[in-house]
Asker: 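If you scroll down you'll find the structure; I have some questions about it.
Residues: numbered from 1 along the sequence shown. Computed from heavy atoms alone, side chains included, the values below leave out hydrogens, waters and symmetry copies. Predicted model, so just to flag it, every value in this text is computed and none were measured.
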Amino acid sequence: TSIKKDLTINNNNDTDYSEGLFNKNWNLNNEESFKLKFDTYFDYLKLKPGMKILDIGCGNGQWLQYCKNHNCSVKFIKENPKEDLTEKLISNISANTSIIAISFIQYSTGTKLDIESISKIAKSKGIKLVIDITQALGAVPIFADKWSADFLVSSGYKWLGGHGGVSLAYLSKDILN
């Protein structure tokens, strides 16, 4: 399935990404829709050879597979309970870091990242910020604009009480332009 580049606009001038993303194919299985979701990230993020991605619990191997095929690199930041995870991420930012892909709250430990600090540094260096908010949405306030996130993504399960196949995404105006 290919990504449809022109997104459908409804009467309220809101963008309906679901029709654009799935090209009106509502019979995709979870594996196909998961792959399509990441293909959409890659398309909008305009990854180029040599770019580096920092990932804390956000990629599920999809970043790694993409980078393997496109001459990019991904560095997974592992959590250590004796270290500040936000500081560990920030200390791994380098001149060729292009994307920071993180989970706001780590599913295995409940560690909450300092998104505002990460966002300030990312924006000052021109780094795209992808935040998985699955472990927070519905339980913790989310501030897409304040965080200057390029992408916010969430599954519908957890605190939204939804089905595992439902997902949500926010794309910044910068990403869409």
Asker: Among Leu45, Ile99, Leu129, find the residue that satisfies the side-chain contact (heavy atoms from CB on, under 4.5 Å) test when tested with Phe151.
Answerer: Leu45

Asker: How would you list, by chain and number, every residue that makes a salt bridge (Lys or Arg N to Asp or Glu O under 4.0 Å) with Lys120, sequence neighbours excluded?
Answerer: none

Asker: Taking the side chain as every heavy atom from C-beta outward, state whether Glu79 and Thr109 have any atom pair closer than 4.5 Å.
Answerer: yes

Asker: Using side-chain heavy atoms (C-beta onward) and a distance below 4.5 Å, is Ile175 in contact with Lys128?
Answerer: yes

Asker: Quick check: do Ile56 and Lys88 have side-chain heavy atoms less than 4.5 Å from each other?
Answerer: no

Asker: Can you list every pair that meets side chain to side chain donor-acceptor pair (under 3.5 Å) and has a residue in residues 137-150, with sequence neighbours left out?
Answerer: Glu116-Lys146, Lys123-Asp150, Asp145-Tyr170

Asker: Do the side-chain N and O atoms of Ser103 and Gln135 include a donor-acceptor pair separated by under 3.5 angstrom?
Answerer: no

Asker: Roughly how far, to the nearest 0.5 Å, is the CG atom of Leu89 from the CD1 atom of Ile100?
Answerer: 5.0 Å

Asker: Distance check, rounded to the nearest 0.5 Å: Asp114 atom CG versus Phe104 atom CZ?
Answerer: 9.0 Å

Asker: Could you give the distance from CG (Leu85) to CD (Gln106), rounded to the nearest 0.5 Å?
Answerer: 5.5 Å

Asker: Spell out, yes or no, whether Ile105 and Tyr107 are grouped together once hydrophobic residues are joined by side-chain heavy atoms under 4.5 Å, including indirect joins.
Answerer: no

Asker: If we ignore angles and hydrogens, is there a donor and acceptor under 3.5 Å between the side chains of Lys75 and Asn92?
Answerer: yes

Asker: Mind checking the CD1-OG1 spacing from Ile121 to Thr86? Nearest 0.5 Å is all I need.
Answerer: 9.5 Å

Asker: Can you tell me if NZ on Lys173 sees more than 12 non-hydrogen neighbours from other groups inside 6.0 Å?
Answerer: no

Asker: How many angstroms lie between CG in Asn96 and NZ in Lys52, if you round to the nearest 0.5 Å?
Answerer: 5.5 Å

Asker: Let me see the working for Ile115 and Ile102 under side chain to side chain contact (heavy atoms under 4.5 Å, CB included), right down to the final yes or no.
Answerer: CA-CA 9 Å; Ile115 298 295; Ile102 53 179; 3.6 Å; yes

Asker: Measuring from atom CZ of Phe143 to atom CD1 of Ile131, what distance do you get when rounded to the nearest 0.5 angstrom?
Answerer: 12.0 Å

Asker: Could you pull out every donor-acceptor pair under 3.5 Å between side chains of residues 64-73 and any protein atom, sequence neighbours left out?
Answerer:
residue	atom	partner	partner atom	Å
Asn69	ND2	Gln65	O	3.3
His70	ND1	Tyr66	O	2.9

Asker: Given side chain to side chain contact (heavy atoms under 4.5 Å, CB included), test Leu54 with Ile127 step by step and report yes or no.
Answerer: CA-CA 10 Å; Leu54 290 180; Ile127 300 169; over 6 Å; no

Asker: Could you verify whether a donor N or O on one side chain and an acceptor N or O on the other, from Asp132 and Thr134, lie under 3.5 Å apart?
Answerer: yes

